[in-house]
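To keep things clear, I will list the structure first and then write my remarks on it.
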Amino acid sequence: MGEKPLLEARNVSKSFGPLKVLKGLNLTVKEGETVCIIGPSGGGKSTFLRCVNFLEKIDSGALLFKGQLVGYAEHGNKLKEWDEKEAAAFRVKVGMVFQHFNLYPHMTAAENVAIGPHIVKGELQDKALARAHTLLAKVGLAEKFNSYPLQLSGGQQQRVAIARALAMEPEIMLFDEATSALDPELVGEVLQVMHDLAVDGMTMIVVTHEIGFAREVGDTLVFMDEGIIAEQGKPKAMLANPVNARTKAFLSSVL
Amino acid sequence: MAAPMNSEDKELLKDKSQLKYVRTKPWGSWIAAAIVLLFGVCLLGMVASNPNIKWSKMGVYIFDSAVLRGLGVTLELTVLAMVIGMALGVILALMRLSPNTVLRTTSGVYIWAFRGTPVLVQLIFWYNMALIFPRIGIGAFSVDTNKLITTFGAAILALGLNEGAYMAEIVRGGILSVSRGQMDAALATGLTRRQAMRYIIIPQALRVILPPTGNQAIGMLKTTSIASVIAAQDLLTVTENIYAKTFLVVELLIVASLWYLVGTSVASIGQYFIEKKFGAGSSSSGVKLSDFIREHVFSSSRAQSALEHLKKESEIRG
């Protein structure tokens, strides 16, 4: 793990109408680090991830990716919001995996993986499909190359979704409760892929309810509640001795 | 746990197992079917043997050049009105889904007005445009309205603009049927909104949009007949003109109906194939005419094929 911060959130706030979801959140993610975020639902975990790749816009504070402001570009002495193209170009660097997979149902597994490189990066179709094959093999799904999402189990779909995100060669991966929608016996295969990614040195922010994964794979554990980070630390130490009362209450309810 | 069977029970079971099963006979529906069949045959006989219907004349008029020309006009009206309707529908649907209030409201008012008034009234309105705007144009450039909006033009305008309102709702429904996660996923991989619409959202929406659009096109083929009230020279206008001279009213209406039936039947077949083509990922992709016949003519086997599909799917899932 490097010491350079890849992503910094400084005093980030975000509201949906009258509902304040993020209330001045501060977090630093270093290159190669795996940060696991736990906490009760409604605490702003998913919203934070969506802000990181600019699917949602923050109201105040700053998000910095490699020291550059997310969502705005400097024009003279003004900060102008990104246009569609600038936003899209940034999102290539940020891979995201969703709770409900969101695979494109009208495309095969291979096409799901290949379409991003083909359209966004202009990769030739054959090359993109060949690379899709390699990536699907990497997540253990080489033989499902031509299957449609509906023909795959939840665990297989989520692994295709991970391959789809990796196809863009991102610098950071965001996992938004990637295993929450899976049958219990399918959780392991997805966590295994995520574990391998972390070992390979991918920078990851993982919103999860899998405390075991956070303990074994996470470099940093973050407990998020009511729009702020209530506690943060080394996973093993924090899980053994939570300091914050809310962390204690949450952990005792899930463990 | 079941008690061990004594020998008496075993004997009884053995005896029963040698009996034959007799299913209940659906006498009720057999009787109903016989009555329906009897009525049908009687009706057909009455029509076929009716001395007031000159069947031989129908043979003369069905391929009459004027009738065929009328059929041509009807097909042209259908295609042009549907093209205008679909283009307008897409624009109106996108406006209706826009975050901009003005665009959204404008589209809403259009749909409200054009769906809320009879298309026949709209047709007569366009036909009489010259009463309020005798000349149409910008500045010195202007033309006589009656030259610009011919009967054919009025029919196209009325049918196309009316269709636009219906197509708008169909397209909007199709786009809304695609889950929001699809757009999120596409944006997250670096596609722009426009690319996401083109490659991810629209292809999925089309699957929902196409079936009702096919129905609209088939409906349009029949609705063009209202253009006969302004004598737009469509199939019905032409047949009316002929029976006004020959008094073969029923014969020519049957001729017109036969052509409408041919048109709608051909369109249904086309609809089936187009829908199959866009069904990737949802069902088997092999398209055969025999499938069409099985699904549409022998409709009871539809449930059968759905079952087969489910079976196939569960096999794949293991």
Side-chain angles (χ1 to χ4, degrees), chain A residues 46 49-50 52-56 82-109 111-121 144 146-154 156 161 164-170 173-174 176 181, chain B residues 94 98-100 174-211 274-287 305-318:
Chain A
S46 294
L49 285 192
R50 293 173 63 84
V52 167
N53 70 355
F54 202 51
L55 281 178
E56 301 287 351
W82 282 346
D83 60 23
E84 271 287 311
K85 277 189 177 164
E86 288 171 311
F90 168 72
R91 291 191 188 112
V92 169
K93 298 179 225 165
V94 184
M96 186 157 186
V97 175
F98 300 87
Q99 183 178 359
H100 296 290
F101 333 133
N102 298 348
L103 288 186
Y104 313 132
H106 59 303
M107 297 180 184
T108 62
E111 288 165 347
N112 264 278
V113 178
I115 186 163
H118 178 52
I119 292 174
V120 179
K121 294 188 165 177
K144 298 293 182 187
N146 279 323
S147 299
Y148 283 97
L150 275 176
Q151 299 166 330
L152 300 174
S153 72
Q156 291 170 335
R164 175 175 69 180
L166 291 176
M168 304 308 289
E169 297 173 318
M173 286 284 284
L174 313 175
D176 188 5
Chain B
L94 292 178
S98 157
N100 185 300
I175 292 174
L176 287 179
S177 76
V178 181
S179 80
R180 276 208 53 192
Q182 293 289 309
M183 180 57 94
D184 283 347
L187 292 179
T189 34
L191 271 69
T192 60
R193 220 159 259 280
R194 184 184 292 258
Q195 288 170 331
M197 276 307 252
R198 175 162 165 209
Y199 296 103
I200 309 300
I201 310 294
I202 300 280
Q204 292 181 61
L206 272 182
R207 202 182 299 162
V208 178
I209 292 169
L210 279 176
I274 293 171
E275 278 173 31
K276 275 275 168 173
K277 190 175 169 332
F278 283 88
S282 63
S283 63
S284 59
S285 49
V287 188
S305 71
L307 265 180
E308 275 167 30
H309 179 69
L310 274 180
K311 235 186 280 166
K312 230 188 287 168
E313 210 162 81
S314 65
E315 271 167 26
I316 291 162
R317 279 167 189 260

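Numbered from 1 within each chain, the chains take letters A, B, ... in sequence-line order.
- With hydrogens and angles ignored, the 3.5 Å screen pairs no side-chain donor or acceptor of A/His106 with any backbone N or O of B/Ile201.
- Considering every non-hydrogen atom in both A/Arg164 and B/Thr189, the closest pair reads CG-CG2, 4.0 Å.
- Interface remark: of the candidates A/Thr108, A/Val97, A/Leu103, A/Val94, A/Leu103 forms the most heavy-atom pairs closer than 4.5 Å to chain B.
- Distance CG/B/Leu187 to CZ/A/Arg91: 5.0 Å, rounded to 0.5 Å.
- Annotation for A/Asn102 and B/Ala185: closest pair O-CB, 3.6 Å, computed over non-hydrogen atoms.
- Of the listed residues (B/Gly181, B/Ser179, B/Pro203), the greatest number of heavy-atom pairs within a distance under 4.5 Å of chain A belongs to B/Gly181.
- The choice from A/Arg50, A/Lys121, A/Met96 that makes the most heavy-atom pairs within less than 4.5 Å of chain B is A/Arg50.
- Residue A/Leu55 touches chain B through its side chain alone, counting heavy-atom pairs closer than 4.5 Å.
- Residue A/Phe98 touches chain B through its side chain alone, counting heavy-atom pairs closer than 4.5 Å.
- With values rounded to the nearest 0.5 angstrom, A/Asn112 atom CG is found 7.5 Å from B/Ile200 atom CD1.
- Counting heavy-atom pairs closer than 4.5 Å to chain B, the top-ranked of the candidates A/Ile119, A/Leu174, A/Val92 is A/Ile119.
- For the set A/Phe54, A/Phe90, A/Tyr104, the count of heavy-atom pairs under 4.5 angstrom toward chain B peaks at A/Tyr104.
- Summarising the geometry, atom NE2 belonging to A/His100 is positioned 12.5 Å from atom CD belonging to B/Gln182; distances are rounded to the nearest 0.5 Å.
- For the pair A/Ala88 and B/Gly190, the tightest heavy-atom approach, listed with the atom from each and the gap, is CB-O, 3.3 Å.
- When every heavy atom of B/Leu191 is checked against every heavy atom of A/Val120, the shortest pair comes out as CD1-CG2, 3.5 Å.
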